[in-house]
Engineer: 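Let me give you the structure first, and then I'll get to my questions.
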Amino acid sequence: MKQIYHIARKEFSDGMRNRWILAISILFAVLAVGITWFGAAASGQVGFTSIPATIASLASLATFLMPLIALMLAYDAVVGEEEGGTLMLLLTYPLSRGQLLTGKFVGHGCILGLATLIGFGSAAVAIALWVPDVSIGTLVFSFGRFILSSILLGLVFLAFAYVLSSHANEKSTAAGLALGVWFLFVLVFDLALLTILVVTEGRISPELLPWLLLFNPTDIYRLINLGGFEAGGQGMGVMALASDLPVGAAVLWACLAGWVVAILLLAHWRFAKRLG
């Protein structure tokens with residue numbers, strides 16, 4: 001545990017020096033506060049609408065941003081250390097490969113978690129201060145669930161970044177693979193499901209298709225945050241399949257956490273194989 005702590009502290013300090021926390025926090029804060037007050041401008045309404053509508057809009061934003069930021073934060077975690085000549089130096093210390101990767105994951109996770117809490121939390125604080133008659137209990141619960149699920153989604157793609165970084169031989173290759181993973185899970189996966197729906201014309205069992213959503217962490221994330229919100233667009237696109245998915249919120253949370261564990265284990269295996 002001591003070794004993991006030291007590696008995590010080093011990664012966190014590097015993130016502070018590189019202004020990662022400041023940059024992510026400001027980005028999330030500006031977008032979150034802007035969406036909170038101007039998210040309904042297209043319908044002719046300016047100002048705060050409701051907590052569910054705000055969460056739905058922020059979740060749609062985070063679906064695109066969290067995976068990309070997490071991948072860019074750690075895509076060079078392994079290959080960058082190797083190119084800089086520090087990876088083998090680190091492994092000369094009384095430190096296992098698993099401890100090294102876990103420490104990096106904890107450090108990067110703290111950067112991502114703190115920035116997410118500050119950035120999106122600023123919208124909750126703004127609502128509490130400036131919106132009269134808002135239920136503080138509902139506000140805290142809704143934003144707490146949203147921020148926690150956003151952090152979990154980010155951790156999934158942090159783990160993906162370690163897999164890619166352990167596989168690539170150059171930082172540029174790792175960056176390209178990271179963008180490919182982002183496109184696959186954020187854009188291509190849902191388009192592929194829609195294509196299956198159209199092409200098969202109902203020949204695939206309707207009970208099977210909703211379960212395919214669980215193979216995409218971004219879809220699980222949207223199900224957690226859009227569940228029960230009728231105006232949030234849950235019935236649009238592949239989210240229309242969610243009504244036929246016979247699982248509760250606890251299962252969705254477990255699936256998202258399971259993605260974190262599974263991809264991190266894959267990263268550990270790939271990292272050990274790279275140095276083996």
Side-chain angles (χ1 to χ4, degrees), residues 1-28 65-119 150-186 217 257 259-276:
M1 289 299 295
K2 186 176 180 181
Q3 291 89 339
I4 293 175
Y5 167 76
H6 287 306
I7 294 296
R9 188 177 66 176
K10 172 188 176 296
E11 293 297 333
F12 189 82
S13 298
D14 289 344
M16 291 290 287
R17 284 196 300 271
N18 294 332
R19 308 290 175 87
W20 268 106
I21 291 180
L22 179 62
I24 299 172
S25 298
I26 292 176
L27 174 65
F28 283 166
L65 283 184
M66 288 300 298
L68 183 61
I69 289 174
L71 288 166
M72 292 299 100
L73 180 63
Y75 78 92
D76 62 344
V78 175
V79 69
E81 294 274 14
E82 190 172 61
E83 286 187 359
T86 56
L87 180 60
M88 298 309 297
L89 177 62
L90 285 172
L91 292 176
T92 61
Y93 296 117
L95 179 72
S96 70
R97 298 169 182 175
Q99 289 172 332
L100 174 60
L101 201 64
T102 302
K104 284 180 170 291
F105 181 75
V106 172
H108 286 139
C110 288
I111 292 171
L112 195 62
L114 182 58
T116 303
L117 178 62
I118 295 172
S150 298
I151 293 172
L152 276 177
L153 179 64
L155 293 180
V156 172
F157 285 90
L158 271 181
F160 267 121
Y162 296 134
V163 175
L164 302 176
S165 190
S166 298
H167 175 76
N169 294 320
E170 297 179 352
K171 288 173 63 175
S172 58
T173 303
L177 291 173
L179 289 176
V181 167
W182 182 82
F183 272 108
L184 173 64
F185 285 102
V186 176
W259 268 96
V260 177
V261 175
I263 305 304
L264 188 58
L265 289 175
L266 178 61
H268 276 280
W269 173 80
R270 193 63 191 83
F271 183 53
K273 186 177 179 181
R274 180 189 184 98
L275 299 177

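Note that this is a predicted model, so its numbers are computed, not measured.
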Engineer: Let me see the working for Ile69 and Leu27 under side-chain contact (heavy atoms from CB on, under 4.5 Å), right down to the final yes or no.
Structural biologist: CA-CA 11 Å; Ile69 289 174; Leu27 174 65; 4.0 Å; yes

Engineer: Does a side-chain heavy-atom distance below 4.5 Å link Leu177 with Val181?
Structural biologist: no

Engineer: List the atom of Gly154, the atom of Leu112, and the distance in Å for their closest heavy-atom pair.
Structural biologist: CA-CD2, 3.5 Å

Engineer: Identify the residue among Val156, Leu158, Ile151 that makes a side chain to side chain contact (heavy atoms under 4.5 Å, CB included) with Val260.
Structural biologist: Val156

Engineer: Quick one: does His108's side chain have a donor or acceptor within less than 3.5 Å of a partner on Lys104's backbone?
Structural biologist: yes

Engineer: Would you please name every residue forming a ring-ring contact (aromatic ring centres under 6.0 Å, His included) with Phe105, sequence neighbours left out?
Structural biologist: none

Engineer: Please identify each residue that fulfils side chain to side chain contact (heavy atoms under 4.5 Å, CB included) with Ala178, with sequence neighbours left out.
Structural biologist: Leu71, Met72, Tyr75, Leu164

Engineer: For Ala77 versus Ser165, what's the shortest heavy-atom pair and its separation?
Structural biologist: N-OG, 3.4 Å

Engineer: What orientation do Phe185 and Trp259 show, parallel under 30°, tilted 30 to 60°, or perpendicular over 60°?
Structural biologist: perpendicular

Engineer: Using a 4.5 Å cut-off on heavy atoms from C-beta on, say whether the side chain of Ser25 contacts that of Ile21.
Structural biologist: yes

Engineer: Donor-acceptor check, side chain of Thr102 to backbone of Gly98, threshold 3.5 angstrom: yes or no?
Structural biologist: yes

Engineer: Check Ile4 against Gln99 and note the closest heavy-atom contact, atom names and distance.
Structural biologist: CG1-O, 3.8 Å

Engineer: Surrounding NE2 of His6 (heavy atoms of other residues, nucleotides or ligands, distance under 6.0 Å), is the total greater than 12?
Structural biologist: yes

Engineer: Taking all atoms of both residues into account, what is the closest heavy-atom pair of Glu83 and Lys171, and its distance?
Structural biologist: OE2-N, 3.0 Å

